[in-house]
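Heads up, the thing below is written out as structure tokens.
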Amino acid sequence: MDYLPVFLRVQSQPVLVVGGGVVALRKAESLLQAGARVTVVAPQLCASLAARVARGGLTHLATAFRPEHLAGAVAAVAATDDPAVNSAVSQAARARAVPVNVVDDAALSSFIFPAIIDRSPILVAVSSSGAAPVLARRVRAQIEALLPARLGALASFMGAQRARVRQALRAWARRPFWERVAQGAVATRVLAGDEAGARTALDRELHAARLIGTGAAAPLGEVYLIGAGPGDPDLLTLRALQLLQQADVILYDRLVAPEVLQRARRDAQRIFVGKEAGDGGQQQHIHALLVRLALDGKRVARLKGGDPFVFGRGGEELEQLAARGIPYVVVPGITAALGAAAAAEVPLTHRRLAHSVTLVSGHGETGSAAEWRFFADPAHTVVFYMGVAQLARIVARLRAAGAAAEHPVAIIEQATLPAQRVLRSTLAAVSARAAERQIRPPALLITGNVAAFAAADALGALGAASAPADAVA
Ligand code: SAH
């Protein structure tokens with residue numbers, strides 16, 4: 001380790017920045033954000049630094065650097081493009097024991113600026129010790145994705161409750177209590193923006209902690225109802241990823257891709273609760289399992305393909321949890337229709353082709369004649385979920401409702417997964433083509449003008465439109 005990472009308090013302290021360009025501006029901005037009193041020394045300023053100086057909040061000395069500018073400074077930054085000046089700043093600062101950073105020159109620097117993630121009061125600093133700043137920035141981006149946006153709010157929330165908790169709990173009980181708060185229902189609430197709910201959850205945790213002290217209660221569990229998206233793990237939301245990293249137990253369906261499960265905490269218990277269509281008993285079993293695990297104090301991720309509220313029975317599971325006062329959060333996922341549309345390049349709406357879209361469950365006998373007439377309009381896009389087994393019936397109903405034989409359709413099998421297949425056809429031909437190509441679930445059927453959309457077709461049209469008028473004539 002060539003550097004000691006420390007956090008320097010520069011609040012209301014003088015810091016010197018030598019240089020008049022955009023790099024100097026960037027450094028000055030970071031220092032100002034940390035509350036430093038910044039003095040910029042440069043005979044001339046670039047336009048953006050001049051504009052920043054004009055806005056106030058920092059001092060500009062329009063002169064060449066002299067060592068006495070360092071008087072009283074708690075740190076100095078050299079950001080000029082003149083190596084002689086940078087080196088003079090470095091020498092003068094070191095002679096006075098003022099920490100100095102020379103931009104892009106680790107040898108002349110006594111400290112370096114890390115890449116930072118600011119979730120104040122939580123700060124994360126990443127450095128490559130000057131070896132590969134690009135790499136440090138990439139690491140920063142990766143960590144950024146893992147840290148909830150409201151992490152700072154959580155830190156402040158916990159800070160505000162410290163005195164109260166110190167009063168309520170003995171010293172030995174506090175640490176495990178805060179661990180639970182940081183990883184459980186309280187944190188989940190704050191991170192979801194619900195501070196009132198968080199205070200209620202904290203009261204319950206505090207109550208439980210006192211009872212645990214007497215051996216009487218288990219800690220509170222909670223449930224995360226998470227949409228896992230259509231299959232490609234990179235299509236998980238950041239919040240889904242964060243909660244998957246924290247859950248103790250994961251209940252997952254048949255539609256949840258193994259690649260998605262791999263993103264969960266390594267030591268989390270994984271329970272497959274996949275069910276066949278219309279298996280009511282299994283749904284009861286899932287409800288009972290969710291409730292039991294949460295009451296045992298577990299953080300349970302209920303992972304569902306796509307979005308939990310699109311043909312996912314998510315609403316029924318929430319009713320069960322709410323009835324027993326078990327805390328939960330719902331995390332949306334990219335539903336199969338959106339994943340398939342993007343992957344197969346079928347825009348669900350398009351100014352020329354379709355103005356509305358309906359998501360329909362393809363099994364069951366639902367839908368009035370009027371509804372099917374609406375579905376049969378090619379300027380309306382319909383996405384049938386669970387429709388493969390019912391393909392012939394769907395085709396027949398659309399035709400009976402007035403849809404043309406050439407009404408465009410597309411079938412997308414295993415959308416967003418490596419095995420994805422796209423079949424484009426027409427109402428008249430699709431049943432035979434699907435049988436021939438052995439289309440299997442999970443697959444979606446999309447009907448309407450957009451199903452025949454091909455971006456490549458626009459090439460000719462755009463080329464003609466952008467050609468000079470006389471060339472067309
Ligand atoms: N809640 C899920 C849908 C569950 S119903 C969602 O929002 O996506 C199950 C149906 O979704 C399947 O029968 C199929 O029609 C569709 N489906 C789910 N994942 C799919 C995928 N990767 N490719 C194509 N269809 C998919």
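What you see is a predicted model, and the numbers here were worked out from it, not measured in a lab. Order of listing sets the numbers, starting from 1, for every ligand and every atom in it. All residue numbers refer to positions in the sequence shown, counting from 1.
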Cation-pi, Tyr252 ring and Lys304 (6.0 angstrom, 45 degrees): no
For ligand 1, list the protein residues that place a heavy atom within a distance below 4.0 Å of one of its atoms, sorted by chain and number. Pro230, Leu255, Gly305, Gly306, Asp307, Val310, Phe311, Thr335, Ala336, Tyr385, Met386, Ile412, Gln414, Ala415, Pro442, Ala443, Leu444
Only pairs under 3.5 Å count here: list side-chain donor-acceptor contacts from residues 418-431, not counting sequence neighbours, and write none if there are none.
| unit_1 | atom_1 | unit_2 | atom_2 | d |
| --- | --- | --- | --- | --- |
| Gln420 | OE1 | Thr416 | N | 2.7 |
| Arg421 | NE | Glu413 | OE1 | 2.9 |
| Arg421 | NH1 | Arg437 | O | 2.9 |
| Arg421 | NH2 | Glu413 | OE1 | 3.3 |
| Arg421 | NH2 | Glu413 | OE2 | 3.1 |
| Arg421 | NH2 | Arg437 | O | 3.0 |
| Arg421 | NH2 | Gln438 | O | 3.1 |
| Arg424 | NH1 | Ala451 | O | 2.7 |
| Arg424 | NH1 | Phe453 | O | 2.8 |
| Arg424 | NH2 | Ala344 | O | 3.0 |
| Arg424 | NH2 | Phe453 | O | 3.4 |
| Thr426 | OG1 | Ala429 | N | 3.3 |

Donor-acceptor side-chain pairing of Arg164 and Gln167 below 3.5 angstrom: no
Please enumerate all residues that pass salt bridge (Lys or Arg N to Asp or Glu O under 4.0 Å) together with Arg140, with sequence neighbours excluded. Glu144
Set of side-chain contact (heavy atoms from CB on, under 4.5 Å) partners for Thr200, sequence neighbours left out: none
Using a distance-only test with no angle check, is there a side-chain donor-acceptor pair under 3.5 angstrom linking Gln183 and Arg299? yes
